[in-house]
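Quick notes on the structure that follows.
Quick note: numbers below take in every heavy atom, side chains included, and nothing from hydrogens, waters or symmetry partners. Please read all numbers here as calculations on a predicted model, not as lab measurements.
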Amino acid sequence: MRKIKIMEHISLDGVIQHENDENFACEGWSTLFRSPAGLEAVIEAQGNRFDLLLGRRTYDLWSEYWPKAGNSPIANSLNAATKYVATHRPESLAWGPAKDLGTDIIAGVRKLKSTDGPDLVLWGSSTLTSVLLEQELVDNVVLIVYPVLLGRGKRFFSDRANPRELAYVSTKTTPTGLLMNTYRHVGSLSEKLKAHSSSNK
């Protein structure tokens, strides 16, 4: 069975959006803090061999950049990985190798997770993040925390999702002030809160 690892570049107030739109004008905020040490830590966290789990928006953004990024360990690993994409337009997945997850995304991820193969890394794709956590399909979460407060933008965890519990595993730091925090996904926090409340009555 494969494991699913979520990795995100995230601000102190939980924003993971990087591209500008009508409500967000801080494109490029994470690039201000990048360093060789940070890149090395990301490559190590991804692992030597992995496949990608991507929402359609992230896939389209990355397909415009990574195939043209030249020869580097990070570009080579991302280009070589099989991309499993949540999409209604599977015929247009030009950046390969790529496969769609089918019309039922959760069923598609569950089936994929049960197969043999490299572990799966989910980058970006804010819509998928909350859904997969809630469906108990995520094993680990790696948050690369930047020393910025952005105020607005797409966030890591939907305010409509049920609370989740994570268990701390480790932290690495970079010379530019990034914290790479690794957590194990435990499960529902709501159930634990209910049990705690009942035991205190």
Item checked: Set of side chain to side chain contact (heavy atoms under 4.5 Å, CB included) partners for A161, sequence neighbours left out -> S130, E134, F157, S158

Margin query: If the condition is side chain to side chain contact (heavy atoms under 4.5 Å, CB included), which residues does H18 pass it with, not counting sequence neighbours?
Written below: H9, W29, S30

Item checked: Contacts of type salt bridge (Lys or Arg N to Asp or Glu O under 4.0 Å), residue E165, not counting sequence neighbours -> K192

Next item on the list: Output all residues satisfying side chain to side chain contact (heavy atoms under 4.5 Å, CB included) with Q135, sequence neighbours left out; order by chain, then residue number.
Entry: I106, R110, V131, L137

Next item on the list: Look only at the side chain of E8 and the backbone of G124, and say whether a donor-acceptor pair between them is shorter than 3.5 Å.
Entry: yes

Margin query: List the residues meeting salt bridge (Lys or Arg N to Asp or Glu O under 4.0 Å) with E44, not counting sequence neighbours, and say none if there are none.
Written below: K172

Next item on the list: Report the distance from atom CZ of F50 to atom OG1 of T82, rounding to the nearest 0.5 Å.
Entry: 10.5 Å

Next item on the list: Taking all non-hydrogen atoms of both residues into account, name the closest pair between D13 and V148 and its distance.
Entry: OD1-O, 4.0 Å

Next item on the list: Can you sort out the partners of S77 under side chain to side chain donor-acceptor pair (under 3.5 Å), two or more places apart, ordered by chain and number?
Entry: none

Next item on the list: Sort and list the pairs that fulfil side chain to side chain donor-acceptor pair (under 3.5 Å) and have at least one residue in residues 94-104, not counting sequence neighbours.
Entry: N79-W95

Item checked: Donor on one side chain, acceptor on other, R56 and T127, under 3.5 Å -> no

I'd like a table of donor-acceptor pairs (distance under 3.5 Å, sequence neighbours excluded) in which one partner is a side-chain atom from residues 61-69, with atom names and distances.
{"unit_1": "S63", "atom_1": "OG", "unit_2": "Y59", "atom_2": "O", "d": "3.2"}
{"unit_1": "S63", "atom_1": "OG", "unit_2": "D60", "atom_2": "O", "d": "2.8"}

Next item on the list: Can you measure from CD1 (I6) to CG (N140) and round to the nearest 0.5 angstrom?
Entry: 9.5 Å

Check: How would you list all residue pairs meeting ring pair (Phe, Tyr, Trp, His ring centres under 6.0 Å) that involve residues 98-121, not counting sequence neighbours?
Finding: none

Margin query: Just to verify, what does T115 make a side chain to side chain contact (heavy atoms under 4.5 Å, CB included) with, not counting sequence neighbours?
Written below: R2, L112

Check: Taking it one step at a time, do R34 and Y146 satisfy side chain to side chain donor-acceptor pair (under 3.5 Å)?
Finding: CA-CA 10 Å; R34 302 285 173 86; Y146 288 70; 3.1 Å; yes

Notebook entry, point to check: Are the side chain of N181 and the backbone N or O of V142 linked by a donor-acceptor pair below 3.5 Å?
Noted result: no

Check: How would you list, by chain and number, every residue that makes a salt bridge (Lys or Arg N to Asp or Glu O under 4.0 Å) with K5, sequence neighbours excluded?
Finding: none

Next item on the list: Let me see the working for L93 and R89 under side-chain contact (heavy atoms from CB on, under 4.5 Å), right down to the final yes or no.
Entry: CA-CA 8 Å; L93 297 175; R89 296 176 285 115; over 6 Å; no

Notebook entry, point to check: Could you go step by step and tell me if V109 and Y84 meet the side-chain contact (heavy atoms from CB on, under 4.5 Å) rule?
Noted result: CA-CA 9 Å; V109 172; Y84 294 93; over 6 Å; no

Margin query: Run the salt bridge (Lys or Arg N to Asp or Glu O under 4.0 Å) test against D139 and tell me which residues pass, sequence neighbours left out.
Written below: K113

